[in-house]
Amino acid sequence: MTKRGFGTNFHKVYGSNPESYNKFSSAEYFSPKLYKRIHELSSPGVLLDVACGTGHKINLLSKSFEKVFALDYSAPLLTLARQKYGRNKKLNFLWSTAAHIPLLDESIDTIVVTWGSFPLSRTLREMKRVLKSGGSILRIGACVEDEFTTLFPSFDIKRINRINRTFISQGFTIEHHEVAIRFKNLKEAKEILTEIIGVPKQMINKTVFKHKVILCYYKKV
């Protein structure tokens, strides 16, 4: 049986301690090259973030768009996102699954997905349905076993490769990039990673982890 989240506690933490997940999300720093590519590949106008979590990333990206929809199925994560970023008038929060996006056909200019977990085939159909002609889908996810994913109890590189091949088969182009997961101190790193990954504290002995990721992008003709 496939273990959800590669044996980690991410999905449990979404409901039990969304603030802890937010601390983890806030510790993720895209490289300047990755941020540049996101902006280069985006189509200005209306942005949709699929699986937005606590809204940290979408709040940063919203500056470049006129209107933003932030979608997630975790009510606790969305509640925290509203509390933290509700003053950003561009943000519109949607509680829904990624496989049933409650938006009109061809109503979105750019879709961003970062580490989302969802029924892949149905979600891809939905994203393409709501995307305008000329619009872009940008998806960021894992691609190799690195110093971060090595911590996962049941990381499965074959499963990762299958997922990435599905995106390629659906017309996506891929690029390799890097994300730094950077904590303030070792105590914070141990507390957060032990909770969300479920590994013993003695396995965490550094404050910065380099995470190799893949950027898959698609332009609708």
Side-chain angles (χ1 to χ4, degrees), residues 2-6 8-28 30 34 38 41-42 46-62 65 67-85 88 90-103 107-131 135-143 148-149 152 159-160 163-164 166-167 170 172 177 179 181 196-197 211 213-218:
T2 300
K3 293 185 178 180
R4 193 174 187 186
F6 300 101
T8 64
N9 293 332
F10 276 101
H11 291 87
K12 296 178 183 177
V13 172
Y14 295 163
S16 64
N17 194 349
E19 184 60 58
S20 184
Y21 175 75
N22 183 68
K23 290 179 181 178
F24 169 76
S25 181
S26 300
E28 296 173 326
F30 291 177
L34 178 53
I38 290 172
L41 295 168
S42 295
V46 182
L47 172 66
L48 166 65
D49 184 357
V50 174
C52 68
T54 55
H56 174 70
K57 298 291 188 302
I58 200 63
N59 183 62
L60 295 175
L61 294 174
S62 68
F65 296 88
K67 186 175 183 179
V68 177
F69 290 101
L71 179 148
D72 206 288
Y73 190 58
S74 169
L77 291 184
L78 274 185
T79 296
L80 186 57
R82 288 190 182 97
Q83 292 172 358
K84 288 186 171 294
Y85 307 114
N88 184 341
K90 290 184 179 181
L91 297 184
N92 301 268
F93 298 99
L94 299 174
W95 178 50
S96 182
T97 65
H100 299 283
I101 300 173
L103 294 171
S107 58
I108 300 296
D109 296 287
T110 299
I111 299 173
V112 173
V113 189
T114 55
W115 298 284
S117 177
F118 37 68
L120 189 53
S121 295
R122 281 183 286 166
T123 299
L124 281 169
R125 284 198 299 270
E126 276 291 270
M127 290 194 294
K128 289 181 177 182
R129 176 185 67 78
V130 302
L131 191 67
S136 305
I137 301 174
L138 311 177
R139 177 259 177 178
I140 297 168
C143 60
F148 176 61
T149 56
F152 291 16
R159 181 177 161 201
I160 288 292
I163 292 170
N164 290 333
T166 297
F167 279 94
Q170 290 290 320
F172 285 74
H177 289 271
V179 170
I181 302 172
I196 67 174
I197 296 179
H211 183 25
V213 299
I214 194 169
L215 169 64
C216 308
Y217 61 91
Y218 168 88

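Throughout, numbering of the chain's residues begins at 1 and tracks the sequence.
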Distance from Leu78 atom CG to Leu94 atom CG, nearest 0.5 Å?
8.0 Å
Kindly give the heavy-atom pair with the smallest separation between Leu71 and Pro102, and that separation in Å.
CD1-CD, 3.8 Å
Can you list the residues that meet the side chain to side chain donor-acceptor pair (under 3.5 Å) rule with Thr149, with sequence neighbours excluded?
Asp146
Is there a donor-acceptor pair under 3.5 Å between the side chain of Thr123 and the backbone N or O of Leu120?
no
Can you see which heavy atom on Lys57 is nearest to which on Glu28, and at what distance?
NZ-OE1, 3.0 Å
Donor-acceptor check, side chain of Ser107 to backbone of Leu103, threshold 3.5 angstrom: yes or no?
no
Without swapping roles, check the side chain of Thr79 against the backbone of Gln83 for a donor-acceptor pair under 3.5 Å.
no
Aromatic plane relationship, Tyr14 with Tyr21 - under 30° parallel, 30 to 60° tilted, over 60° perpendicular:
perpendicular
Does the ring of Tyr218 carry Lys128 above it, NZ/CZ under 6.0 angstrom from centre and within 45° of its axis?
yes
Judged by atom type as modelled, is there a donor-acceptor pair below 3.5 Å linking the side chain of Asn59 to the main-chain atoms of Tyr85?
no
So that I know where these two stand, are Phe24 and Phe10 an aromatic pair - ring centroids less than 6.0 Å apart?
yes
Using the ring of each side chain (for Trp, its six-membered ring), is Phe167 parallel, tilted or perpendicular to Phe172, with breaks at 30° and 60°?
perpendicular
Taking the side chain as every heavy atom from C-beta outward, state whether Leu77 and Cys52 have any pair of such atoms under 4.5 Å apart.
no
All heavy atoms of Ala98 vs all of Glu126, minimum pair found to be O-CB, 3.9 Å
Are Arg159 and Asn164 close enough that a side-chain donor and a side-chain acceptor fall under 3.5 Å?
no
Provide the closest heavy-atom pair for Ser20 versus Val13 in the form atom of the first, atom of the second, distance.
CB-CG1, 4.3 Å
Ring-plane angle category for Phe148 and Phe152, please: parallel below 30°, perpendicular beyond 60°, tilted otherwise.
perpendicular
Check this for me: Lys67, atom NZ, are more than 12 non-hydrogen atoms of other residues, nucleotides or ligands nearer than 6.0 Å?
no
Can you tell me if Lys12 has over 12 outside heavy atoms packed within less than 6.0 Å of its NZ?
no
Value for OG1 (Thr54) from CZ (Arg82), rounded to nearest 0.5 Å, stands at 13.0 Å
Identify the heavy atoms of Cys143 and Ile214 that sit nearest to each other, and give their distance.
CB-CB, 3.8 Å
State whether the side chain of Ser26 and the backbone N or O of Lys23 hold a donor-acceptor pair below 3.5 Å, judged by distance alone.
no
Val46 vs Leu48 side-chain heavy atoms within contact, under 4.5 Å
no
Would the number of heavy atoms belonging to other residues, nucleotides or ligands and lying under 6.0 Å from CZ of Arg122 be above 12?
no
Correct closest heavy-atom pair for Leu47 and Leu61 would be CD2-CB, 4.3 Å
